[in-house]
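Working notes, structure below.
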Amino acid sequence: MNEKFARLRRLRQSEGMRALVAETAVRTDKLIYPIFVRYGENVKEEIESMPGVYRYSVDRLGEIADEVLAAGIGGVLLFGIPEHKDACGSGAWDEDGVVPRAVRFLKEYCAKRGKNLLIIADICLCEYTSHGHCGMLEGGGVDNDKSLPLHAKAALAAAKAGADIVAPSSMMDGVVAAIRAALDGAGYANTPILGYSAKFASAFYGPFRDAADSAPQSGDRKGYQMDFRNGREALRELAADEAEGADMLMVKPGLAYLDVLSEARKNTLLPLAVYNVSGEYSMVKAAAAAGMLDERKIVTEILTAFFRAGADIVITYHALDFAQWSRGE
Ligand code: PBG
(Lines give C-alpha, C1' and ligand atoms only; values in the text may rest on other atoms or scores of the structure.)
Protein backbone atom coordinates (compact mmCIF):
# COMPACT_ATOMS: atom_id res chain seq x y z
CA MET A 1 0.00 0.00 0.00
CA ASN A 2 1.23 3.42 -0.91
CA GLU A 3 0.94 5.36 2.33
CA LYS A 4 -0.14 8.95 2.05
CA PHE A 5 -0.31 9.51 5.77
CA ALA A 6 1.84 9.08 8.83
CA ARG A 7 1.15 5.90 10.81
CA LEU A 8 1.50 7.41 14.26
CA ARG A 9 -0.41 4.50 15.74
CA ARG A 10 2.57 2.20 15.02
CA LEU A 11 4.19 3.27 18.27
CA ARG A 12 1.03 2.80 20.31
CA GLN A 13 0.55 -0.90 19.69
CA SER A 14 1.49 -2.31 23.05
CA GLU A 15 2.12 -1.19 26.59
CA GLY A 16 5.83 -1.93 26.11
CA MET A 17 6.02 0.11 22.94
CA ARG A 18 4.20 3.00 24.56
CA ALA A 19 6.47 2.92 27.58
CA LEU A 20 9.51 2.96 25.33
CA VAL A 21 8.48 6.14 23.56
CA ALA A 22 6.92 7.89 26.57
CA GLU A 23 8.41 11.37 26.82
CA THR A 24 7.50 12.16 30.39
CA ALA A 25 7.47 10.36 33.71
CA VAL A 26 6.38 11.48 37.16
CA ARG A 27 9.11 10.89 39.71
CA THR A 28 8.14 10.81 43.34
CA ASP A 29 11.36 12.53 44.34
CA LYS A 30 10.32 15.54 42.25
CA LEU A 31 7.17 16.04 44.31
CA ILE A 32 6.90 18.34 47.30
CA TYR A 33 4.25 17.72 49.96
CA PRO A 34 2.79 20.77 51.76
CA ILE A 35 2.29 20.43 55.51
CA PHE A 36 0.21 22.65 57.79
CA VAL A 37 1.72 23.07 61.24
CA ARG A 38 -0.31 24.62 64.01
CA TYR A 39 0.04 25.75 67.58
CA GLY A 40 -1.03 23.48 70.38
CA GLU A 41 -0.14 19.97 71.41
CA ASN A 42 -1.17 16.52 70.34
CA VAL A 43 -3.22 17.76 67.40
CA LYS A 44 -3.82 15.98 64.13
CA GLU A 45 -7.02 17.32 62.61
CA GLU A 46 -8.36 16.76 59.14
CA ILE A 47 -9.01 19.89 57.09
CA GLU A 48 -12.67 19.84 56.17
CA SER A 49 -12.25 21.29 52.69
CA MET A 50 -9.21 19.11 51.92
CA PRO A 51 -10.03 15.45 52.64
CA GLY A 52 -6.92 13.48 53.54
CA VAL A 53 -4.89 16.57 54.49
CA TYR A 54 -4.29 17.38 58.17
CA ARG A 55 -3.07 20.12 60.45
CA TYR A 56 -0.43 18.87 62.86
CA SER A 57 0.92 20.32 66.05
CA VAL A 58 4.73 20.30 66.15
CA ASP A 59 4.94 17.34 68.53
CA ARG A 60 3.04 15.11 66.07
CA LEU A 61 4.99 15.98 62.95
CA GLY A 62 6.95 12.75 63.26
CA GLU A 63 3.94 10.82 61.95
CA ILE A 64 3.81 12.69 58.69
CA ALA A 65 7.61 12.82 58.40
CA ASP A 66 7.66 9.01 58.56
CA GLU A 67 5.11 8.80 55.76
CA VAL A 68 6.93 11.30 53.56
CA LEU A 69 10.31 9.61 54.06
CA ALA A 70 8.90 6.14 53.41
CA ALA A 71 7.23 7.42 50.25
CA GLY A 72 10.48 8.82 48.90
CA ILE A 73 8.92 12.23 48.31
CA GLY A 74 11.35 15.04 47.44
CA GLY A 75 10.58 17.25 50.40
CA VAL A 76 7.98 19.19 52.32
CA LEU A 77 6.73 22.77 52.25
CA LEU A 78 5.76 24.13 55.66
CA PHE A 79 2.94 26.54 56.47
CA GLY A 80 2.41 27.78 60.01
CA ILE A 81 -0.78 28.54 61.88
CA PRO A 82 0.04 30.61 64.98
CA GLU A 83 -2.00 30.94 68.14
CA HIS A 84 -2.01 34.74 68.03
CA LYS A 85 -2.18 37.11 65.10
CA ASP A 86 -1.36 40.83 65.04
CA ALA A 87 -1.29 43.73 62.61
CA CYS A 88 2.29 43.18 61.48
CA GLY A 89 2.31 39.37 61.56
CA SER A 90 5.06 39.09 64.16
CA GLY A 91 4.48 35.34 64.48
CA ALA A 92 6.05 35.00 61.03
CA TRP A 93 9.52 35.97 62.20
CA ASP A 94 9.41 34.80 65.80
CA GLU A 95 12.39 32.49 66.12
CA ASP A 96 10.29 30.41 68.44
CA GLY A 97 7.26 30.57 66.13
CA VAL A 98 5.46 27.56 64.71
CA VAL A 99 7.53 27.11 61.57
CA PRO A 100 11.02 27.49 63.12
CA ARG A 101 9.97 25.07 65.87
CA ALA A 102 8.61 22.66 63.28
CA VAL A 103 11.83 22.83 61.27
CA ARG A 104 13.99 22.11 64.32
CA PHE A 105 11.70 19.29 65.38
CA LEU A 106 11.67 17.65 61.94
CA LYS A 107 15.43 17.97 61.41
CA GLU A 108 16.10 16.38 64.78
CA TYR A 109 13.46 13.69 64.36
CA CYS A 110 14.83 12.62 60.98
CA ALA A 111 18.48 12.86 62.02
CA LYS A 112 17.78 10.44 64.88
CA ARG A 113 16.60 7.98 62.25
CA GLY A 114 19.62 8.58 60.04
CA LYS A 115 17.48 10.42 57.48
CA ASN A 116 17.29 13.90 56.09
CA LEU A 117 14.06 15.51 55.05
CA LEU A 118 14.33 18.46 52.69
CA ILE A 119 12.35 21.33 54.16
CA ILE A 120 11.07 24.36 52.31
CA ALA A 121 9.64 27.13 54.49
CA ASP A 122 6.86 29.21 52.97
CA ILE A 123 7.58 32.85 53.79
CA CYS A 124 4.50 35.05 54.04
CA LEU A 125 2.65 37.15 56.59
CA CYS A 126 -0.97 36.28 55.78
CA GLU A 127 -1.28 33.40 58.24
CA TYR A 128 0.09 35.68 60.97
CA THR A 129 -1.67 39.01 60.39
CA SER A 130 -4.97 39.82 62.07
CA HIS A 131 -6.23 41.32 58.79
CA GLY A 132 -5.09 38.34 56.72
CA HIS A 133 -3.12 40.27 54.12
CA CYS A 134 0.35 39.26 53.01
CA GLY A 135 2.06 42.44 54.23
CA MET A 136 1.67 45.51 56.45
CA LEU A 137 -1.50 47.51 55.85
CA GLU A 138 -1.01 51.22 55.35
CA GLY A 139 -3.50 53.69 53.90
CA GLY A 140 -5.96 51.02 52.80
CA GLY A 141 -3.48 48.83 50.96
CA VAL A 142 -0.50 46.62 51.60
CA ASP A 143 2.64 48.73 51.90
CA ASN A 144 5.21 46.97 49.76
CA ASP A 145 8.45 48.42 51.09
CA LYS A 146 7.47 48.38 54.76
CA SER A 147 6.64 44.69 54.36
CA LEU A 148 10.00 43.72 52.88
CA PRO A 149 12.07 43.74 56.09
CA LEU A 150 9.39 41.64 57.80
CA HIS A 151 9.67 39.00 55.09
CA ALA A 152 13.45 39.14 55.37
CA LYS A 153 13.24 38.52 59.12
CA ALA A 154 10.83 35.63 58.58
CA ALA A 155 13.16 34.03 56.04
CA LEU A 156 16.10 34.45 58.37
CA ALA A 157 14.22 32.83 61.26
CA ALA A 158 13.42 29.84 59.04
CA ALA A 159 16.98 29.55 57.73
CA LYS A 160 18.41 29.76 61.26
CA ALA A 161 16.09 26.96 62.35
CA GLY A 162 17.53 24.81 59.56
CA ALA A 163 15.17 25.20 56.61
CA ASP A 164 16.87 24.03 53.42
CA ILE A 165 15.04 26.47 51.14
CA VAL A 166 12.94 29.58 51.76
CA ALA A 167 10.00 30.38 49.51
CA PRO A 168 8.50 33.89 49.63
CA SER A 169 4.85 33.71 48.52
CA SER A 170 3.49 37.21 49.10
CA MET A 171 4.19 38.72 45.66
CA MET A 172 5.77 41.83 47.18
CA ASP A 173 8.06 43.53 44.66
CA GLY A 174 11.69 43.15 45.67
CA VAL A 175 11.04 40.43 48.25
CA VAL A 176 13.61 38.06 46.75
CA ALA A 177 16.32 40.75 46.82
CA ALA A 178 15.42 41.71 50.40
CA ILE A 179 15.59 38.10 51.57
CA ARG A 180 18.82 37.40 49.68
CA ALA A 181 20.51 40.41 51.31
CA ALA A 182 19.31 39.41 54.78
CA LEU A 183 20.41 35.80 54.38
CA ASP A 184 23.81 36.74 52.95
CA GLY A 185 24.36 39.31 55.68
CA ALA A 186 23.70 36.75 58.41
CA GLY A 187 25.88 33.97 57.06
CA TYR A 188 23.19 32.07 55.13
CA ALA A 189 24.59 32.62 51.66
CA ASN A 190 23.98 28.95 50.92
CA THR A 191 20.25 28.96 51.60
CA PRO A 192 18.43 28.92 48.25
CA ILE A 193 15.35 31.00 47.49
CA LEU A 194 12.39 29.55 45.63
CA GLY A 195 10.35 32.50 44.40
CA TYR A 196 6.60 32.17 44.07
CA SER A 197 7.31 34.25 41.02
CA ALA A 198 4.14 34.11 38.95
CA LYS A 199 1.43 33.71 41.55
CA PHE A 200 -2.04 34.61 40.41
CA ALA A 201 -4.93 35.98 42.47
CA SER A 202 -6.96 32.79 42.28
CA ALA A 203 -10.18 31.32 43.60
CA PHE A 204 -8.33 27.99 43.60
CA TYR A 205 -6.77 28.98 46.96
CA GLY A 206 -10.13 28.75 48.73
CA PRO A 207 -9.54 25.52 50.67
CA PHE A 208 -6.02 26.63 51.67
CA ARG A 209 -7.32 29.78 53.30
CA ASP A 210 -9.63 27.57 55.29
CA ALA A 211 -6.77 25.29 56.20
CA ALA A 212 -4.40 28.08 57.21
CA ASP A 213 -7.06 30.45 58.49
CA SER A 214 -5.58 33.13 56.23
CA ALA A 215 -8.47 34.62 54.26
CA PRO A 216 -8.20 38.41 54.07
CA GLN A 217 -10.65 40.01 56.51
CA SER A 218 -11.46 42.68 53.95
CA GLY A 219 -10.83 43.10 50.25
CA ASP A 220 -8.82 40.64 48.20
CA ARG A 221 -5.24 40.02 47.08
CA LYS A 222 -5.55 41.54 43.62
CA GLY A 223 -3.31 44.46 44.58
CA TYR A 224 -0.32 42.15 44.83
CA GLN A 225 -1.08 38.76 43.27
CA MET A 226 -1.29 38.61 39.49
CA ASP A 227 -4.35 39.18 37.32
CA PHE A 228 -5.26 35.88 35.67
CA ARG A 229 -5.93 37.65 32.41
CA ASN A 230 -2.19 38.22 31.99
CA GLY A 231 0.34 35.80 30.54
CA ARG A 232 3.11 38.11 29.31
CA GLU A 233 3.22 39.86 32.65
CA ALA A 234 3.97 36.51 34.26
CA LEU A 235 7.20 36.40 32.29
CA ARG A 236 8.13 39.81 33.70
CA GLU A 237 7.50 38.51 37.22
CA LEU A 238 9.66 35.46 36.59
CA ALA A 239 12.45 37.58 35.11
CA ALA A 240 12.28 39.99 38.06
CA ASP A 241 12.74 37.19 40.60
CA GLU A 242 15.60 35.75 38.58
CA ALA A 243 17.30 39.16 38.43
CA GLU A 244 16.89 39.55 42.20
CA GLY A 245 18.74 36.32 42.78
CA ALA A 246 16.08 33.63 43.05
CA ASP A 247 17.54 30.14 42.67
CA MET A 248 14.27 28.56 41.56
CA LEU A 249 11.05 29.95 40.15
CA MET A 250 7.42 28.97 40.49
CA VAL A 251 4.14 29.25 38.63
CA LYS A 252 0.98 29.02 40.74
CA PRO A 253 -1.73 27.68 40.45
CA GLY A 254 -1.06 24.89 37.98
CA LEU A 255 -3.98 23.50 36.06
CA ALA A 256 -5.45 26.67 34.62
CA TYR A 257 -1.92 28.04 34.04
CA LEU A 258 -0.18 25.37 31.97
CA ASP A 259 0.36 27.93 29.21
CA VAL A 260 2.22 30.16 31.66
CA LEU A 261 4.28 27.21 32.86
CA SER A 262 5.21 26.25 29.34
CA GLU A 263 6.23 29.82 28.46
CA ALA A 264 8.17 30.07 31.69
CA ARG A 265 10.08 26.94 30.72
CA LYS A 266 11.17 28.59 27.48
CA ASN A 267 12.27 31.74 29.26
CA THR A 268 14.45 30.53 32.10
CA LEU A 269 17.27 28.11 32.73
CA LEU A 270 16.47 27.96 36.44
CA PRO A 271 14.68 25.01 38.00
CA LEU A 272 10.97 25.60 37.69
CA ALA A 273 8.30 24.56 40.16
CA VAL A 274 4.54 24.52 39.79
CA TYR A 275 2.08 24.56 42.68
CA ASN A 276 -0.89 22.22 42.22
CA VAL A 277 -2.95 24.20 44.74
CA SER A 278 -5.61 23.35 47.28
CA GLY A 279 -8.66 24.00 45.09
CA GLU A 280 -7.24 21.78 42.36
CA TYR A 281 -6.75 19.02 44.91
CA SER A 282 -10.17 19.39 46.49
CA MET A 283 -11.98 19.35 43.14
CA VAL A 284 -10.42 15.99 42.32
CA LYS A 285 -11.14 14.61 45.79
CA ALA A 286 -14.77 15.71 45.66
CA ALA A 287 -15.36 14.32 42.20
CA ALA A 288 -13.68 11.04 43.14
CA ALA A 289 -15.71 10.74 46.35
CA ALA A 290 -18.87 11.28 44.31
CA GLY A 291 -17.82 8.46 41.99
CA MET A 292 -17.52 10.84 39.06
CA LEU A 293 -13.97 10.05 38.11
CA ASP A 294 -11.11 7.68 38.80
CA GLU A 295 -8.86 9.49 41.26
CA ARG A 296 -5.73 7.52 40.53
CA LYS A 297 -5.94 7.99 36.78
CA ILE A 298 -6.89 11.65 37.03
CA VAL A 299 -4.06 12.49 39.44
CA THR A 300 -1.52 10.66 37.30
CA GLU A 301 -2.70 12.53 34.24
CA ILE A 302 -2.59 15.89 36.02
CA LEU A 303 0.87 15.39 37.51
CA THR A 304 2.21 14.16 34.18
CA ALA A 305 0.83 17.27 32.48
CA PHE A 306 2.83 19.51 34.81
CA PHE A 307 6.08 17.77 33.93
CA ARG A 308 5.20 17.68 30.23
CA ALA A 309 4.54 21.43 30.33
CA GLY A 310 8.02 22.00 31.73
CA ALA A 311 7.97 21.74 35.51
CA ASP A 312 11.00 20.29 37.29
CA ILE A 313 9.25 20.23 40.64
CA VAL A 314 5.57 19.79 41.48
CA ILE A 315 4.19 20.90 44.82
CA THR A 316 1.09 18.81 45.41
CA TYR A 317 -1.22 17.55 48.14
CA HIS A 318 -1.55 14.37 46.04
CA ALA A 319 2.12 13.46 46.65
CA LEU A 320 1.54 10.81 49.32
CA ASP A 321 -1.29 9.13 47.41
CA PHE A 322 0.70 9.16 44.21
CA ALA A 323 3.75 7.64 45.90
CA GLN A 324 1.60 4.89 47.35
CA TRP A 325 0.09 4.08 43.96
CA SER A 326 3.50 3.99 42.29
CA ARG A 327 4.63 1.43 44.83
CA GLY A 328 1.66 -0.63 43.73
CA GLU A 329 -0.31 -0.27 46.96
C1 PBG B 1 0.27 32.38 51.32
C2 PBG B 1 -0.03 31.24 50.45
C3 PBG B 1 -1.25 30.86 49.86
C4 PBG B 1 -1.03 29.66 49.20
C5 PBG B 1 0.30 29.35 49.37
N6 PBG B 1 0.91 30.35 50.12
C7 PBG B 1 -2.58 31.47 49.98
C8 PBG B 1 -2.87 32.74 49.30
O9 PBG B 1 -2.04 33.35 48.65
O10 PBG B 1 -4.00 33.17 49.49
C11 PBG B 1 -2.07 28.84 48.47
C12 PBG B 1 -1.78 27.39 48.41
C13 PBG B 1 -2.93 26.53 48.05
O14 PBG B 1 -4.04 26.99 47.72
O15 PBG B 1 -2.74 25.31 48.11
N16 PBG B 1 0.39 33.61 50.72
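Remember, it's 1-based here, ligands and their atoms both numbered in the order they're listed. Only this structure's heavy atoms are used, side chains among them; waters, hydrogens and symmetry mates stay out.
- Close N/O approach between E127 and ligand 1 is not found [any backbone or side-chain N/O within under 3.5 Å].
- The parts of S169 lying near ligand 1 are both backbone and side chain, judged by heavy-atom distances below 4.0 Å.
- Aromatic ring orientation, F322 versus W325: perpendicular (interplanar angle above 60°, classes split at 30° and 60°).
- By the 30° and 60° cut-offs, the orientation of the rings of Y275 relative to Y317 is tilted.
- Distance check, rounded to the nearest 0.5 Å: CZ of R221 to OG of S170 gives 10.0 Å.
- No close placement of the F228 and Y257 rings is indicated, their centers lying 6.0 Å or farther apart.
- Listed by number with element, the atoms of ligand 1 under 4.0 Å from a non-hydrogen atom of C126 are 1 (C), 16 (N).
- For a threshold of 3.5 Å applied to N or O pairs, the pair formed by R221 and ligand 1 contains at least one separation below that value.
- Ligand 1 places these atoms under 4.0 Å from at least one heavy atom of D122: 6 (N).
- Within 6.0 Å of atom CG in N190, 12 or fewer heavy atoms from other residues, nucleotides or ligands are found, so the atom counts as exposed in its surroundings.
- Ring geometry for F208 versus F79: interplanar angle over 60°, hence perpendicular rather than tilted (30 to 60°).
- When only modelled atom types and interatomic distance are considered, N276 and K252 share no side-chain donor-acceptor pair under 3.5 Å.
- For the pair Y281 and ligand 1, no heavy-atom separation below 4.0 Å is found.
- The Y275 neighbourhood of ligand 1 comprises atoms 12 (C), 15 (O), with distances under 4.0 Å to a heavy atom of that residue.
- Within the 4.0 Å heavy-atom criterion, both parts of S278, backbone and side chain, lie near ligand 1.
- Nearest non-hydrogen protein atom to atom 15 (O) of ligand 1 is Y317 OH, 2.6 Å.
- Contact atoms of ligand 1 toward K252: 2 (C), 3 (C), 4 (C), 5 (C), 6 (N), 11 (C), 12 (C) (distance under 4.0 Å to a heavy atom of the residue).
- Ligand 1 lies out of reach of E280, whose nearest heavy atom is not under 4.0 Å from it.
- Within the 4.0 Å heavy-atom shell around ligand 1 one does not find S170.
- Figure legend: cation-pi geometry between K199 and Y205, with NZ or CZ positioned under 6.0 Å from the six-membered ring centre and within 45° of its axis.
- Contact analysis puts K199 in contact with ligand 1, with a non-hydrogen atom separation below 4.0 angstrom.
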